[in-house]
Amino acid sequence: MVSHDLIVIGSGPGGYSAAIRAGQYGLKTALIEKFPKLGGTCLHVGCIPTKALLHTAEVWDYFQHSAEQGIHCENPRLDLPGVLKRKTGIVDKHAKGIEFLMKKNKVETVAGFGTLKGKGRVEVQTATGTRMLEGRHIIVASGSEARMLPGLEADPERILTNVEILEMKQVPARLAVIGAGAVGVEFASIFARFGSKVTVLEMLPRLVPVEDEDVSKELERSFKKQGIACETGARVEKVEKTARGVRLTVTLKTGKQETIEAEKLLVAVGRKPNTDKIGLENTRAETDGGFLKVNEYQQTGEPGLYAIGDVVAGTPQLAHVATMEGMVAVAHMAGKPWRPVNKNRIPGATYTEPGIGSVGLTEAQAREKGYKVKVGKFPFLGNSKATILGSHDGFVKVVADEKYGEILGVHIIGPHAYELIAEAVAAMEAEATVETMIATIHAHPTLYEAVGEAFNAVYGQAIHA
Ligand code: NAD
C-alpha cells in the first residue's frame, strides 16, 4: 500500500530541500537519513564546517597583520580546539534548523539506511529493525564520499579526507595535499594561514583545473606568494607511513623525482557517488561509472524514481546544484511549471584566499565552441574598496560574444569573489547583454564596481584601468 507521495533518500541540501518543497506542495513526504543528524556531507563534513574554518583563517590573518591597520596585538594565539568548537556549534545549530523545517513542513523523518526494492518500495534498516515504505515517487539524494588513491586508506592520524581533517587536534607543521580541486585548495588555504607549511600536488597542469586558465594562474601566483608550494603536473608514485607522518615519492613535471615528508596528508582527488549499496539492481535505473543517468527533469529509467545531487551523471557535485535539481524533480512530480537546470548558469564558488567565483564558459571553452570572443578584464588593483580591505590580488574577467554582446562567462578571483559572482549569474539568467551591465549603476566604493568595470573593459572602456 502506498504510504507516501514522496520518499527522499538522503538529507543533504538536495534531499532536505526537496522534502521541504514537497511539503509546501502538500505531498505526504518521508525523508530517510542513515546519519544520526540531518544535513548530509555539506552540513557535517563539507561546505559549512570548511567555510567556518576559512572564516576563522581570515580573522586570524587580520590578527597576524593587524599592525598594518594601526592595531597592535601582543602574542595572538590560535587555539585549534576552540576553533573547532565554534565550527561544531555552527553545524549543530543548522542541523537543528533542518529538523525544525521538517516539522514545519510536515515531513516525516526516518532514521536508517534506505534500500530501493523496486516498484516504489524502499526498505529502511532502522536501529530497531526494518520498515517498508512505499511511495508514488522516490528521490535518490544519497550523495557521495571522498575517493581514495589505490592502496591507501583514510585514518585519523596521517591520511586524511575532508572528514578527518576537520577533527585534527593540532595544526600540523607540514601538510601535503594531493589534488588541487576545491577541497584541496580550500584546506591548503586554511592551514597555510593557520601556520602549516603546505605543499599542493596536482597531476593536471594547473590548480583548480575546472576554472578559467587565467584564474588558475592567478591562484598559483598568489598561493606561492603566501608560501604554499604548488606542484602541478606532478605524479604521486608512492605514499608511505613513517613514524612522524607520511613520505611521498613524487615525479615532478620536470621529470625529477622528489621525496616530500609531511605530518599529515590530505587526499582530495574527487568524490564517488553513493549508489553501490542502495538497491539500484532492483530498478531499471541506469548508471554511468556509478553515477545515475537522468533526463532534464531528473527522472531515471525507473518509473517514479528521480535522482539529484552528487549521485547524478553530468552535473558538478555542488550543494546548490543538488538543491536546484531537487526543485526541478519535485515540481515535475507535482505537475508544477519549472525549468530544468541550465548547466551553463551554475555558479562555482571556491573560498580560498583569494576567493574564486565563476559562471558560464571559460575563455578557452568559448573559443572552442566557435564564438568570436571578446574579453574584458579588470584588476582589483584599480578598485578602491579592495585597497581599503588590503586585498589587491585578482581580477574580474568577462567572456563575451562579439556579435551581440552576449555574456558567455564571468570569472572572478579576488576578495569575496564567491559573493560577487551573484551579479553575473543573475545577469546571465536574465539574458542581459554586456551593454545592459555597462548601463547598470554600481555603487561606490564597492568590490562589485570591479564587475561593472570588467563589463566596460570588454569595449576597452574601464575607467580605473
Ligand atoms: P575535484 O574533482 O574537484 O578535484 C580533484 C583534483 O585532484 C583534480 O584537479 C584532479 O586532477 C586531482 N587528482 C586526481 N587524482 C590525482 C592524483 N593521483 N595526483 C594528483 N592529483 C590528482 O575533487 P575535490 O576537490 O575532492 O572535490 C570533490 C567535489 O566537491 C568536487 O565536485 C568539488 O567541486 C566539490 N566541492 C566544492 C567546493 C566548493 O564549491 N567550494 C568545496 C569542496 C568540494
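Atoms within each ligand, like the ligands themselves, are counted from 1 in listed order.
- A donor atom on one side chain and an acceptor atom on the other are not found under 3.5 Å apart for E220 and S216.
- Here side-chain hydrogen bond (donor to acceptor under 3.5 Å, both in side chains) pairs that include residues 417-430, with residues two or more places apart or in two chains, are R339-E429, E423-H442.
- For the 3.5 Å distance criterion, the side chains of S189 and R193 qualify, holding a donor opposite an acceptor.
- Remark: the T362 side chain and the H411 side chain contain no N/O donor-acceptor pair separated by less than 3.5 Å.
- In this structure, the side chain of T283 engages the main chain of L280 through a donor-acceptor pair within 3.5 Å.
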Between ligand 1 and the protein, find all N/O pairs closer than 3.5 Å and give the distance for each.
{"residue": "ligand 1", "atom": "9 (O)", "partner": "E202", "partner atom": "OE1", "Å": "2.7"}
{"residue": "ligand 1", "atom": "9 (O)", "partner": "E202", "partner atom": "OE2", "Å": "3.2"}
{"residue": "ligand 1", "atom": "11 (O)", "partner": "E202", "partner atom": "OE2", "Å": "2.6"}
{"residue": "ligand 1", "atom": "21 (N)", "partner": "M203", "partner atom": "N", "Å": "3.2"}
{"residue": "ligand 1", "atom": "23 (O)", "partner": "G270", "partner atom": "N", "Å": "3.3"}
{"residue": "ligand 1", "atom": "25 (O)", "partner": "A182", "partner atom": "N", "Å": "3.3"}
{"residue": "ligand 1", "atom": "25 (O)", "partner": "V183", "partner atom": "N", "Å": "3.0"}
{"residue": "ligand 1", "atom": "26 (O)", "partner": "G270", "partner atom": "N", "Å": "3.0"}
{"residue": "ligand 1", "atom": "40 (O)", "partner": "A349", "partner atom": "O", "Å": "3.0"}
{"residue": "ligand 1", "atom": "41 (N)", "partner": "E186", "partner atom": "OE2", "Å": "2.8"}
{"residue": "ligand 1", "atom": "41 (N)", "partner": "A349", "partner atom": "O", "Å": "2.6"}

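- Checking T232 against K253 by side-chain atom types alone, a donor-acceptor pair falls below 3.5 Å.
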